[in-house]
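Written out below as structure tokens is the structure these notes cover.
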Amino acid sequence: MIFFILITAFTLSLAIMGIWICFNWQGMIFEPLSYHVEEFCYTHRLPHYILKPLWSCPTCMSSFWGSVFYMSLGHTYLSPVQMLFILPVTAFINTLFCILLNKISDEGCG
């Protein structure tokens, strides 16, 4: 059972990093959208931290996107207690990915 939970956390982490890259790396498909939404937040004086769980911070994204995953697919084979274990593990894996990306890439997790 632990192996299944770790595989789920790792798969969720890879999906979150894919979403993060699509929004934050130069030339990716959602990069222009992220600029427009960030500009909208600044012009309307909305707090910038609301974007962190959506696409700005891979560690923070694990809470929002993990909840989306659980509500859409995970509730069929995961209990809420298991999901409460998966979310911090996913955040930890995303943090490790960011450390690795900062070392091997110019884009990094800035």
Side-chain angles (χ1 to χ4, degrees):
M1 190 58 155
I2 283 289
F3 181 73
F4 176 71
I5 290 173
L6 291 176
I7 291 295
T8 303
F10 186 74
T11 306
L12 181 59
S13 181
L14 287 176
I16 289 169
M17 290 305 292
I19 293 169
W20 179 82
I21 286 171
C22 286
F23 276 98
N24 291 293
W25 279 15
Q26 290 181 356
M28 290 297 166
I29 189 165
F30 296 127
E31 182 195 20
L33 175 66
S34 69
Y35 286 132
H36 291 299
V37 173
E38 286 176 10
E39 181 181 333
F40 177 82
C41 286
Y42 285 127
T43 56
H44 291 88
R45 294 186 179 168
L46 294 173
H48 185 69
Y49 63 83
I50 62 172
L51 300 177
K52 285 188 175 220
L54 298 177
W55 69 70
S56 292
C57 169
T59 304
C60 307
M61 288 171 68
S62 62
S63 61
F64 176 76
W65 292 104
S67 300
V68 169
F69 163 75
Y70 182 73
M71 289 186 287
S72 61
L73 299 171
H75 69 280
T76 57
Y77 60 91
L78 291 171
S79 72
V81 173
Q82 290 171 328
M83 200 61 202
L84 287 176
F85 178 74
I86 288 173
L87 290 179
V89 171
T90 302
F92 177 73
I93 294 170
N94 286 350
T95 303
L96 292 179
F97 279 149
C98 281
I99 292 169
L100 180 65
L101 278 174
N102 284 333
K103 290 185 185 271
I104 66 171
S105 171
D106 292 336
E107 294 281 341
C109 278

Original post:
Linking I/L/V/M/F/W/Y whenever any side-chain heavy atoms sit under 4.5 Å apart, do Ile2 and Phe10 land together?
Top reply: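 Same cluster: Ile2 reaches Phe10 through Ile, Leu, Val, Met, Phe, Trp or Tyr contacts under 4.5 Å.
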Subject >> Shared hydrophobic cluster, Phe92 / Leu6 (ILVMFWY, side-chain heavy atoms < 4.5 Å) >> reply: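 Shared cluster, no.
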Validation row: [X], [Y] side chains within 4.5 angstrom (heavy atoms):
X      : Y     : answer
Trp55  : Leu33 : no
Pro80  : Tyr70 : yes
Asp106 : Gln26 : no

Original post:
Is the count of non-hydrogen atoms from other residues, nucleotides or ligands lying under 6.0 Å from Ile29 atom CD1 greater than 12?
Top reply: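 Result for CD1/Ile29: open.
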Heavy-atom donor-acceptor pair, [X] side chain to [Y] backbone, under 3.5 Å:
X     : Y     : value
Thr43 : Phe40 : yes
Ser13 : Ala9  : no
Asn94 : Met17 : no

Rounded to the nearest 0.5 Å, how far apart are [atom1] of [X] and [atom2] of [Y]?
X     : Y     : atom1 : atom2 : answer
Leu73 : Leu12 : CG    : CG    : 10.5 Å
Ile19 : Asn24 : CD1   : CG    : 11.5 Å
Leu54 : Trp65 : CG    : CH2   : 7.0 Å
Ser34 : Trp25 : OG    : CH2   : 14.5 Å
Ile86 : Ile7  : CD1   : CD1   : 11.0 Å

Subject >> Parallel, tilted or perpendicular: rings of Tyr42 and His48 (30°, 60°) >> reply: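 Answer is parallel, since the angle falls under 30°.
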**OP:** Specify whether Tyr77 and Phe69 have parallel, tilted or perpendicular ring planes, treating 30° as the upper limit for parallel and 60° as the lower limit for perpendicular.
**Re:**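 Because their plane-to-plane angle is over 60°, the rings of Tyr77 and Phe69 count as perpendicular.
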**OP:** Please name the pair of heavy atoms, one in Cys41 and one in Ile50, separated by the smallest distance, quoted to 0.1 Å.
**Re:**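 Of all heavy-atom pairs spanning Cys41 and Ile50, the closest is SG-CD1, 4.4 Å.
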**OP:** Give a yes-or-no answer on whether the side chains of Tyr35 and Glu31 include a donor-acceptor pair shorter than 3.5 Å.
**Re:**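 The answer is yes; a qualifying pair exists.
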